[in-house]
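Input: a single structure, listed below in structure tokens.
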Protein chains: 4
Amino acid sequence: MTDEPGARDRILAAAEELFARDGFDATPTSRIAERAGVPKGLVHYYFRRKPDLLTALVGRLPSDVVDPAEVVVAGDVAASLHRLVDALDRALDASAVLSHLLWREADTHPAVLAELEDRFDRLVGVIRAVVSAARPAGAPPADVDSAAQLLAAAVSHRHSVARHADDGQDAMHRELRFLAAALAAGAGA
Amino acid sequence: MTDEPGARDRILAAAEELFARDGFDATPTSRIAERAGVPKGLVHYYFRRKPDLLTALVGRLPSDVVDPAEVVVAGDVAASLHRLVDALDRALDASAVLSHLLWREADTHPAVLAELEDRFDRLVGVIRAVVSAARPAGAPPADVDSAAQLLAAAVSHRHSVARHADDGQDAMHRELRFLAAALAAGAGA
Amino acid sequence: MTDEPGARDRILAAAEELFARDGFDATPTSRIAERAGVPKGLVHYYFRRKPDLLTALVGRLPSDVVDPAEVVVAGDVAASLHRLVDALDRALDASAVLSHLLWREADTHPAVLAELEDRFDRLVGVIRAVVSAARPAGAPPADVDSAAQLLAAAVSHRHSVARHADDGQDAMHRELRFLAAALAAGAGA
Amino acid sequence: MTDEPGARDRILAAAEELFARDGFDATPTSRIAERAGVPKGLVHYYFRRKPDLLTALVGRLPSDVVDPAEVVVAGDVAASLHRLVDALDRALDASAVLSHLLWREADTHPAVLAELEDRFDRLVGVIRAVVSAARPAGAPPADVDSAAQLLAAAVSHRHSVARHADDGQDAMHRELRFLAAALAAGAGA
DNA sequence: CATGAATGAGATTTCATTCAT
DNA sequence: CATGAATGAAATCTCATTCAT
């Protein structure tokens, strides 16, 4: 009944942390071993090559999709989006380092880029689902798409580049109220 | 009367290209020298340490701001934004590798992160200026802010993560039409 | 059941020899590896940075103190010193390269300087002990101190700067006879 | 009527200082140029190869011999030696860095070693001359030789290894009083 | 005479990876 | 299964020296 994670898990946790902080290339496997408290050889015993660590990390990603049903406030797009963004913040924060790491290494690791684009698309999908559920037929699908894309980009931006900013929360809430109103007004009509 | 760029410039150009393609850490200075057609030692003659190359590259960034006056179509927010985004695309493409490089290395190079946040803020400023100029007093400032933030995030997103996608152009145009309409409708009112 | 020294020891032996012959700075770690018959990487596996080799060498120094009891001839200071100097010669020759190396690198490596001053003080102490044991109360302590300092300087000088001279042995013996007589005569009285 | 030294002299002064402080190998010619306030190329213009700097420095050494006549107190060996050592201290301190530098680089630069041994021999000669002048026929030549060797070693030691010690002055004075008394007592007879 | 850009050999150091135990 | 010594390729950086101007 040990709740100590096994060596393999400790290695992955250490890799996640260090990759996110210093980057993949700048993190020696020896430091991963050190932080995980395992001998150096064990890292390569479990993960033959260094990139295998990245692959394993991507595999551990939560599907991270918020269940639309849980945040929808029927008839109120703004409130629904508000709750959605809060839920997303919680979900993304939970895997923040990992998400960030992916975003960083996407370029040189195709598998990572694919995962990243996937995540963005899923994000768009969830937003669209929430909007539609909150006010079925409340706006033309093209508008819902646009709003979803914009909001997804904004959320994404906040969790990658702008994750150090302080006023992110407020601005974001203003933005989604704006989007909700735009949809309500049948903006693109 | 050679118009060949000097060795220093060739080194910077090579570094920009390789850093953007492979990442800072994954690019040996020897490869930079090779691509610049200079001996290895010369790279370190001009740039004592490798990060000095990054610093120099950031310093060479164009202010990359599109002049609002040149894209504004009086009375037509959608058209103005359309022209703005096209202009931004051209401007950003011109320094695409460099922009991308910044975005990637921001984490581990504070000077780069600062520059990046600066660029985003300037981007927001330009968008806001264009919207205001196109329809003075056409929408509450808070809405203009929100729209500017959203569009800036979308533009940014397209030029970083999603720069491989094909349908970016179209989606983007739909999005800015949507935003323009939202503003026109006084969406947030 | 090999009595071959391990790689680490072979590296230290090679470093000692080369540092003493050519100096610390003029000895590349690659040459140390070569002479030790190990790959270049192993030198830095055991000794992360080059100065760590110096530190390790200092740590290996024998306490190099001759046991006063073994050389004292009761009642005969000259004979005692004679035997002491011979014993010191043997002891110092055994670690000659290392001693010389220390003396040379003392300036730029504080740890080495400290060790060197320590060795000199121990040397003075041994000489004083021998003199005192040979003729207890035979001379004022201040004179014994002076004689010990002088002899220690002479021994030191011979083993550092003047170690190439041929007539060192004879001159040294004349000197210690002189010192012994001085002490016997109650010179400083 | 400029009293500013010329470039060549400034280079030598800078080299002397840096060689003495950091060692010959650890001092780049570029740093010498920098400290001398001359362009890098000029160092090699005046001194084709780096060791030429050392040779030139040795050539600039003062003969540094104290004139025996100036320190001798007729009939008083102790006082004479006292004045001699003080004079030597002043003389050696004046070229301290240079002396020290020589002593350090003697091993790998034969010309320097020769100069160093020469200096020691001259030192012995001066001491002997002073002793003899102070009390002609006061002690057997062999004893005078021994005392001179011992004192020279002590002076030397103080100006090389032990030049950081605080109590050097006092101890030294005790030692030379001791030697003078020994000679007076006809110690070695 | 004087300069500083240019050169390239080579030094230190890092590190993923292997493998005998 | 687990370990850590061993390997060697390669990276960053230094520097004496040359040479065109």
Side-chain angles (χ1 to χ4, degrees), chain A residues 6-8 11 15 24-34 36-53, chain B residues 6-11 22 24-34 36-53, chain C residues 6-11 22 24-34 36-53, chain D residues 6-8 11 15 24-34 36-53:
Chain A
R8 212 191 104 104
I11 290 169
F24 178 81
D25 287 311
T27 302
T29 54
S30 61
R31 191 144 50 208
I32 294 171
E34 191 185 10
V38 302
K40 202 168 45 151
L42 202 55
V43 173
H44 285 92
Y45 177 74
Y46 283 123
F47 308 94
R48 181 79 87 121
R49 330 249 116 168
K50 199 181 169 191
D52 296 347
L53 279 164
Chain B
R8 212 191 104 106
D9 283 337
R10 288 210 311 283
I11 291 169
D22 303 327
F24 178 81
D25 286 312
T27 303
T29 53
S30 60
R31 190 142 53 209
I32 294 171
E34 190 186 10
V38 302
K40 209 168 28 140
L42 201 57
V43 173
H44 289 94
Y45 174 75
Y46 283 117
F47 308 95
R48 184 82 90 115
R49 339 237 112 195
K50 198 181 167 190
D52 294 347
L53 279 164
Chain C
R8 211 191 106 104
D9 283 336
R10 288 210 311 283
I11 290 169
D22 304 326
F24 178 80
D25 286 312
T27 303
T29 53
S30 59
R31 189 142 54 210
I32 295 171
E34 188 186 12
V38 302
K40 209 168 27 139
L42 201 57
V43 173
H44 289 94
Y45 174 74
Y46 283 117
F47 308 95
R48 184 81 91 112
R49 341 236 110 196
K50 198 180 167 190
D52 294 347
L53 279 164
Chain D
R8 210 191 105 104
I11 290 168
F24 178 81
D25 287 310
T27 302
T29 54
S30 61
R31 190 144 51 208
I32 294 171
E34 189 186 11
V38 302
K40 203 167 47 150
L42 202 56
V43 173
H44 285 91
Y45 177 74
Y46 283 122
F47 308 94
R48 181 77 87 119
R49 330 250 116 168
K50 198 181 168 190
D52 296 347
L53 279 164

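Side chains are part of it too, since the values below use all heavy atoms of this structure and drop only hydrogens, waters and symmetry mates. Letters A, B, ... are given to chains in the order of the sequence lines, protein chains preceding strands, and every chain is numbered from 1.
The partner of F/dT18 is E/dA5, judged by Watson-Crick or G-U wobble contacts that both fall below 3.5 Å.
Side-chain atoms of B/R49 lie closest to F/dC13 of the nucleotides E/dT14, F/dC13, F/dT3. If you check F/dT7, F/dT3, F/dA6 against the side chain of C/P39, the one that comes closest is F/dT7. For C/K40, taking side-chain heavy atoms from C-beta onward, the closest of the listed nucleotides F/dA10, E/dT17, F/dC13 is F/dA10. When each of E/dT13, F/dT3, E/dA6 is scored by its nearest atom to the side-chain atoms of A/Y45, the top-ranked nucleotide is F/dT3.
Residue C/H44 holds its NE2 atom at 9.0 Å from CG of C/D52, rounded to the nearest 0.5 Å.
Following rounding to the nearest Å, D/E34 (CD) and E/dG4 (P) show an atom-to-atom distance of 13 Å. Following rounding to the nearest Å, C/F47 (CZ) and F/dA6 (P) show an atom-to-atom distance of 11 Å. A/I32 places its CD1 atom 14 Å from the C1' atom of E/dT17, with the value rounded to the nearest Å. In this structure, C/H44 places its NE2 atom 17 Å from P of F/dA11, rounding to the nearest Å. Rounded to an integer number of Å, the gap from CD1 of B/I11 to P of E/dA5 is 12 Å. Here F/dA5 presents its P atom at 15 Å from CZ of C/R10, a figure rounded to the nearest Å. In this entry the distance linking CG of B/L42 with P of F/dT14 reads 15 Å, nearest Å. Rounded to whole Å, atom C1' of F/dA10 lies 12 Å from atom NZ of B/K50.
Scanning all heavy atoms of the two residues, the minimum distance from D/R31 to D/A26 falls at NH2-O, 3.4 Å. For C/R10 against C/G37, the heavy-atom pair with the smallest separation is NH2-O, 3.8 Å.
Proximity of a side-chain donor or acceptor of D/K50 to a complementary backbone N or O of D/T27 within less than 3.5 Å is detected.
Between A/S30 and E/dC15 there is no side-chain polar atom (N or O) within less than 4.0 angstrom of OP1 or OP2. Phosphate contact (OP1/OP2 of E/dG10, side-chain N/O of C/R31, threshold under 4.0 Å): absent.
Using a 4.5 Å cut-off on side-chain heavy atoms (C-beta onward), D/I11 and D/R8 make no contact.
Nearest-nucleotide mapping onto DNA chain F: of D/T29 and C/R8, the residue sitting toward the 5' end is C/R8. Across the interface with DNA chain E, nearest-nucleotide mapping of C/D25 and B/V38 shows B/V38 to be the residue nearer the 5′ end.
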